[in-house]
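The basis for the numbers below is simple: all heavy atoms, side chains too, and nothing from hydrogens, waters or symmetry mates.
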Amino acid sequence: VELITSRAEPALMGLEITNLVVEEHRGQLAAAIKEAFEHGGASAEITLAGAHGQATPYLFTGSRAHLNDSLCVIGIGLDISERKAVERSLQEAQRQLQDYATSLEQRVSERTAELHQSLSSLEGVLYHVAHDLRAPLRAMGSFTSILLEEYAQSFDARGKGYARRITDAVQRMDELLLDLLAYGRLAHMDLPIVRLNLEEQVRLVIDRMSERIHRRAAHIEVVPPFGQVCANQPVLLDVLGHLLSNALKFVPSDTPPQIRIWADDGPMIRVWVQDNGIGIKPEYHHRVFRIFERLHADGAYSGTGIGLAIVQKGVERMHGRVGVESEVGKGSRFWIELPRA
């Protein structure tokens, strides 16, 4: 004790032990001594105060004992300076790590916001470019039609064939631009969310596409119940329309489409659209919802490669999810999830 506190023996005689520790730990030491007397033992981490202001952290452990018919507490102390230094280093490292994590999170948040802004700007540019391109495209289509109608006698079979190919290309380009405009609108328009009877929306889409369904001699089975969802009706109808259109389209021309539509209930209602089409390889499942993603050669199946991108964008705007299960030659099962009303 003399060495630790820098006090000579005469200065220690008669001195209360609590006076050997720093002032803020005296109450803690007194409580530990009381606990040792009452319960047989106690421990306390305290700081010994030296005569010249130095401080040394110690772990004291005491036990109650009888000595010469007197009740006392016998204890030992362990210098824990190195342990405290390690703890301080660890705390500093944790503080620095927390500061770094906070800084990293802020940078990620800022970068994400920048990316969202860039994507939003890109979608806006896409929308305006698509809108502006339709005017010259319509003019091209109109003049080509005039050539075929009024100057057909001046063309031989090859010339007429070229003119018709121009007309077909104009039509395909116009379909592409219309889909781009639809995709751009989805990214920016306000979408009021309301409560909708899902079965009614499914049957409404089927009714709107009845001519195409009849032309393909398709059989569509609607399996209730469907429940009610929170969604935007125009967008939901568009999403279901694209899924049903794909189910009719990607079936071999000599095979009548067999389509089944049903729903799984839960906190999110999952709507399934199953077909007997050509199917999709597993490695392409995550790609089919990308914009402009086409898995087949041009001319094999009509389309712009934007329909499923519209489906995903529309469902995400309604706080839902999309997915597909499929095997080549065994058809596909597309699903969308929407919040249950």
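Arg64 and Glu38 are not joined by a salt bridge, as no carboxylate oxygen comes within less than 4.0 angstrom of a charged side-chain nitrogen. We find that Arg138 and Asp174 are not joined by a salt bridge, their nearest charged nitrogen and carboxylate oxygen being 4.0 Å or further apart. One finds no salt bridge joining Glu92 and Arg88 here, because no Lys/Arg side-chain nitrogen approaches an Asp/Glu carboxylate oxygen to under 4.0 Å. Using a cut-off of 4.0 Å between Lys/Arg side-chain N and Asp/Glu carboxylate O, Glu23 and Arg26 are scored as not salt-bridged. The pair Glu325-Lys330 does not count as a salt bridge, with every side-chain nitrogen at least 4.0 angstrom from each carboxylate oxygen.
Once rounded to the nearest 0.5 Å, the distance linking NZ of Lys84 with CG of Asp79 reads 11.5 Å. Between the CD1 atom of Ile306 and the NE2 atom of His242 there is a distance of 9.0 Å, given to the nearest 0.5 Å. Residue Arg107 holds its CZ atom at 12.0 Å from OG of Ser109, rounded to the nearest 0.5 Å. Distance check, rounded to the nearest 0.5 Å: CD of Gln258 to CG of Asn276 gives 5.5 Å. We find the CZ-CD distance between Arg321 and Gln312 to be 11.5 Å, quoted to the nearest 0.5 Å. Atom CD1 of residue Ile74 and atom NE2 of residue His66 lie 10.5 Å apart, to the nearest 0.5 angstrom.
Crowding of Phe143 atom CZ: a count of heavy atoms from other residues, nucleotides or ligands under 6.0 Å not exceeding 12. The 12-atom threshold is exceeded at CD of Glu24, counting heavy atoms of other residues, nucleotides or ligands nearer than 6.0 Å. Heavy atoms of other residues, nucleotides or ligands lying less than 6.0 angstrom from CZ of Arg158 number 12 at most. Other residues, nucleotides and ligands place more than 12 heavy atoms under 6.0 Å from the CD atom of Gln96. Counting non-hydrogen atoms of other residues, nucleotides and ligands closer than 6.0 Å to CZ of Arg165 gives a total of 12 or fewer.
Looking at Phe226 and Ile269, their side chains never come closer than 4.5 Å, going by heavy atoms from C-beta outward. Between Ser81 and Thr56 there is a side-chain heavy-atom pair separated by less than 4.5 Å. At least one side-chain heavy atom of Trp262 sits less than 4.5 Å from a side-chain heavy atom of Gln274. The side-chain heavy atoms of Leu71 and Phe37, taken from C-beta on, include a pair separated by under 4.5 Å. Val239 is listed as a side-chain neighbour of Val315, based on a closest heavy-atom distance under 4.5 Å. Using a 4.5 Å cut-off on side-chain heavy atoms (C-beta onward), Val271 and Leu198 make contact. In this structure, Leu244 and Ile220 have side chains that are in contact, with non-hydrogen atoms separated by less than 4.5 Å. Counting only heavy atoms from C-beta outward, the side chains of Arg95 and Gln91 never approach each other to under 4.5 Å.
Under the 4.5 Å side-chain heavy-atom criterion for ILVMFWY residues, no single connected hydrophobic cluster contains both Leu59 and Val22. Both Ile261 and Leu248 belong to a single network of hydrophobic side chains, linked directly or stepwise wherever heavy atoms of I, L, V, M, F, W or Y lie under 4.5 Å apart. Leu147 and Met173 are members of different hydrophobic clusters when ILVMFWY side chains are connected at heavy-atom separations under 4.5 Å. Val324 and Val328 sit in two unconnected hydrophobic clusters of ILVMFWY residues. Membership requires side-chain heavy atoms under 4.5 Å apart, directly or through other members. No single ILVMFWY cluster, assembled from side-chain heavy atoms under 4.5 Å apart, contains both Ile259 and Trp272.
Remark: side-chain polar atoms of Asp264 are not paired, donor with acceptor, to backbone N or O of Arg270 under 3.5 angstrom. Listed for the Asp265 side chain is no donor-acceptor partner under 3.5 Å among the backbone atoms of Arg340. Although no hydrogens or angles enter the test, the distance criterion places a donor-acceptor pair under 3.5 Å between the side chain of Asn232 and the main chain of Pro192. Looking only at distances, no side-chain donor or acceptor of Thr255 sits under 3.5 Å from a matching main-chain atom of Val251. Side chain of Asp275 to main chain of Ser332: a donor-acceptor pair is present (N/O by atom type, distance under 3.5 Å, no hydrogens or angles). In this structure, the side chain of Ser210 does not engage the main chain of Ile206 through any donor-acceptor pair within 3.5 Å. When atom types are taken as modelled, the side chain of Ser103 and the backbone of Asp99 share no donor-acceptor pair closer than 3.5 angstrom.
Between Leu236 and Gln201, the closest heavy-atom pair is CD2-CG, 3.9 Å. The two residues Ala36 and Ala42 make their nearest non-hydrogen contact at N-CB, 3.9 Å. Here the shortest heavy-atom pairing between Pro339 and Met268 reads CA-SD, 3.6 Å. Residues Leu308 and Val288 come closest through the heavy atom pair CB-O, 3.3 Å. The shortest heavy-atom contact between Arg216 and Lys249 is NH1-O, 4.2 Å. Nearest heavy-atom pair, Ala247 versus Pro257, reported as atom, atom and distance to 0.1 Å: O-CB, 4.3 Å.
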- Could you walk me through whether Arg317 and Val235 pass side chain to side chain contact (heavy atoms under 4.5 Å, CB included), step by step? CA-CA 9 Å; Arg317 288 294 315 273; Val235 174; 5.9 Å; no
- Item | CA sep, side-chain torsions, deciding dist, call: Thr144, Arg164, side chain to side chain donor-acceptor pair (under 3.5 Å) | CA-CA 8 Å; Thr144 306; Arg164 291 192 184 95; over 6 Å; no
- Item | Test log, rule side chain to side chain donor-acceptor pair (under 3.5 Å), inputs Ser70 and Asn68 | CA-CA 5 Å; Ser70 297; Asn68 298 328; over 6 Å; no
- Message: Under the criterion side chain to side chain contact (heavy atoms under 4.5 Å, CB included), I'd like the reasoning laid out for Thr47 against Tyr58: C-alpha separation, chi angles, the key distance, then a yes or no.
- Response: CA-CA 6 Å; Thr47 302; Tyr58 258 76; over 6 Å; no
- Task: Before giving the answer on side chain to side chain contact (heavy atoms under 4.5 Å, CB included), spell out for Glu327 and Lys281 the whole-Å C-alpha distance, their side-chain angles and the decisive distance to 0.1 Å.
- Result: CA-CA 6 Å; Glu327 292 184 45; Lys281 292 181 180 180; over 6 Å; no
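The side-chain tip of Arg333 does not point at the ring of Trp335 from less than 6.0 angstrom away and within 45° of straight on.
Of the listed residues (Val273, Leu240, Asp207), just one forms a side chain to side chain contact (heavy atoms under 4.5 Å, CB included) with Val202, and that residue is Leu240.
Note: Phe334 and Phe289 have perpendicular aromatic rings, judged against thresholds of 30 and 60 degrees for the angle between ring planes.
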